[in-house]
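Written below as structure tokens is the structure these notes are about.
Convention: sequence-line order gives letters A, B, ...; per-chain numbering from 1.
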Amino acid sequence: MERYILSRVLQGIFAIWGVSLIIFLAVRVTGDAAALMIPQDADPSEAAFIRQLYGLDQPLHIQYWVFLGNAVRGDFGRSYRWHDPALKVVLDRVPATLQLAVSAALVSILIALPIGVMSAVRPGGWFDTFGKVFALMGQSMPTFWVGILAILIFSVQLRWFPTSGRGGLQNLVLPAFTLGWASTAALTRLTRSAMLDVMDSDFIKMARIKGVPERWVIWKHALKNAAIPVVTILGVQWAQFLGGSVIVETIFAWPGVGRTIVEALNNRDYAVVQAGTFMISILFVTANLIVDLLYGVIDPRVRYD
Amino acid sequence: MTEPLIQIRDLRTYLYTRRGVVKAVDGISFDIHEGEIVGLVGESGSGKTMTSLSILQLVPQPAGRIVGGSIMFEGEDLLTLPESRLQEIRGERISMILQDPLTALNPVYSIGNQVAEPFQFHPKEDGRGATIRNRVVEVLQRVGIPAAETRVKDFPHQFSGGMRQRVCAAIAIAPRPRLLIADEPTTALDVTIQAQFLRLLKQLQQEFNLAVLYITHDLGVVARLCNRVVVMYAGKIVETGDVTRIYKQPAHPYTQGLMQSVPRLGMKRERLFQIQGQPPDFLDLPQGCPFWPRCPQAQDVCKVEEPPVAAVGTAGTVRCWFPDLTGATQPVSSAV
């Protein structure tokens, strides 16, 4: 078990390193940061000074080496724009992003599981049809459109929820639903098919033969087995919750990591982009490790050695 | 004879598939008495399993439906009972062992948890105030699980096939049922384990005076285990009778074919007898007797009209136009 966790942590570190390399290079092909920081008619020597100040005049591999050395010490450089350490800028916004992503995951699970299960109990029934339409809508409506539509209906027309910003629970509702929306659809279909598979199995028949009430058969015997593929997909969906936060946070002006990355990209604020994606990849790798350990809780056949 | 424990009359279970209606069980009638082991024999797809699922009213949904007949069990017609009453009967009065022990146990719950369920859902005082845990351990010991006290925490994948089938047997006998349905319980087991399991089943049957409906296509098992035999073909019963009479003097051509296809000790090494043709397609059954295309004795009348049921031996029946009644106590010829 310890060995398994250790090896997974090492794999995670490797993955995060890979992400850092890609981001480091990708950011630098977007253009000259110094050009953005000075007025258009400034003297070229000023640009040169800025480049020198931030070490942008060095060859790429030297820049990367410096970046890596600093990064392992938690130093991602200073934000060109906020004049704070980049890591601090990002860390300040992690709670908001986590809150949004976890809420979206919860929304998704709480809607998808019951609908998926009920659809599978009577395949072809009216509830199943409803579930199909629901999932089709979920998968065919892009997040940015759902977000704008939600603001239009629930904020502007009905005035139930605020249009943007972070604050109380009312502020969370629309972004969380918007972010959870697409995943809910996928999760509903997956739950349904996993349940259909399980409901067909002999041990379900066996439970009924024992005289176990149907409710118990479905929610105890079937659901725990169906949860195994569902949890796997949740681990992957977690990437969507984190990645989708870039869009949703921008739409709802949610002060999270995603929105900060978008702003930093517009400003070529390399340090913040790097620190932000670094943070997102840590959150993703950690969540997937948790999911892998969750298997062991759900499925006793899983062994970690 | 005393009142039978279960009386099945004219049971009809149909499956409504996309391609048409499958009459999986088509008007069958038979009884099982207390403490009696009845073998239900037939080829795959002859309606044996559907018969047992009909008794428990667990016909696959939504395709399957019991469209007619009655199943009298302890004074109640199972077919008219509400689901809540059926849940009381299932597992407590009637239980069942499935074919494949590898899939019959839920992989994500411990053995103890699964054996406890019949006790949980059929709370019955055993007079000693034993806790569910104690009763679980006791019944696991009874079916021969070594170190039952510690193994209750283990999961199905930690047991061998034979041990899992014993666990299934424990679940089946846990609440002391009156009728046990065993659906080919040894098919998935090794031959040596099969013998052990059959011995266990016989012991349990005698200990609890169980009535057993033993579904199989293994005629050797039937000979060793059963008192009476019911032979099914294409959803219908073609022959019933005492096990010795069926083995010595099968009256129906199909039963005769089955008996001849059993390898016997001392037999010359030659190709085993084989019933000609394929099992019938339920969606396209022949007119008349469903067996006639494969029957060596088929005549014109067999192809047109369904055969009548005739008495044979002691309390035996045969559904055939031209049954071989030489084994009957009152041969037809004696009436002349």
Chain A interface, residue from B:Glu92, B:His122, B:Gln158, B:Gln99 that has the most non-hydrogen pairs under 4.5 Å: B:His122
Enclosure of B:Met72 CE (heavy-atom neighbours >12, cutoff 6.0 Å): yes
Neighbour count >12 (heavy atoms, 6.0 Å) for atom CZ, B:Arg142: yes
Residues of residues 213-231 of chain A near chain B, each having a heavy atom less than 4.5 Å away: A:Pro213, A:Glu214, A:Trp216, A:Lys220, A:His221, A:Lys224, A:Asn225, A:Ile228
B:Phe208 atom CZ, over 12 foreign heavy atoms within 6.0 Å: yes
Heavy-atom pair of closest approach, residues A:Asp202 and B:Thr103: OD2-OG1, 2.9 Å
Euclidean distance, B:Cys168 SG relative to A:Met206 CE, rounded to 0.5 Å: 4.0 Å
Closest approach of B:Pro107 to A:Pro300 (non-hydrogen atoms, all atoms of both residues): O-CG, 3.2 Å
Distance, nearest 0.5 Å, that separates CD1 of A:Ile209 from CE of B:Met96: 5.0 Å
Residue A:Phe177 excluded, over 12 heavy atoms near CZ under 6.0 Å: no
Closest non-hydrogen atom pair, B:His157 against A:Arg301: ND1-CG, 3.3 Å
Residue part contacting chain A, namely of B:Ile97, when any heavy atom lies under 4.5 Å: neither
Atom CZ of B:Arg65: over 12 foreign heavy atoms under 6.0 Å: no
Sub-4.5 Å side-chain heavy-atom contact between B:Leu53 and A:Lys205: yes
Choice from B:Gln57, B:Glu83, B:Glu117 maximising heavy atom contacts with chain A below 4.5 Å: B:Glu117
Derivation of the side-chain contact (heavy atoms from CB on, under 4.5 Å) call for A:Phe203 and B:Leu105: CA-CA 5 Å; A:Phe203 59 81; B:Leu105 294 168; 5.6 Å; no
For chain A, the option from B:Leu98, B:Ile89, B:Leu102, B:Ile171 that forms the most heavy-atom pairs under 4.5 Å: B:Leu98
CZ (B:Arg133) with more than 12 external heavy atoms under 6.0 Å: no
Pairwise distance CZ(B:Arg90) to NZ(A:Lys210) - rounded to 0.5 angstrom: 13.5 Å
Contact winner vs chain A - B:Leu56, B:Asp100, B:Asn113, heavy-atom pairs under 4.5 Å: B:Asn113
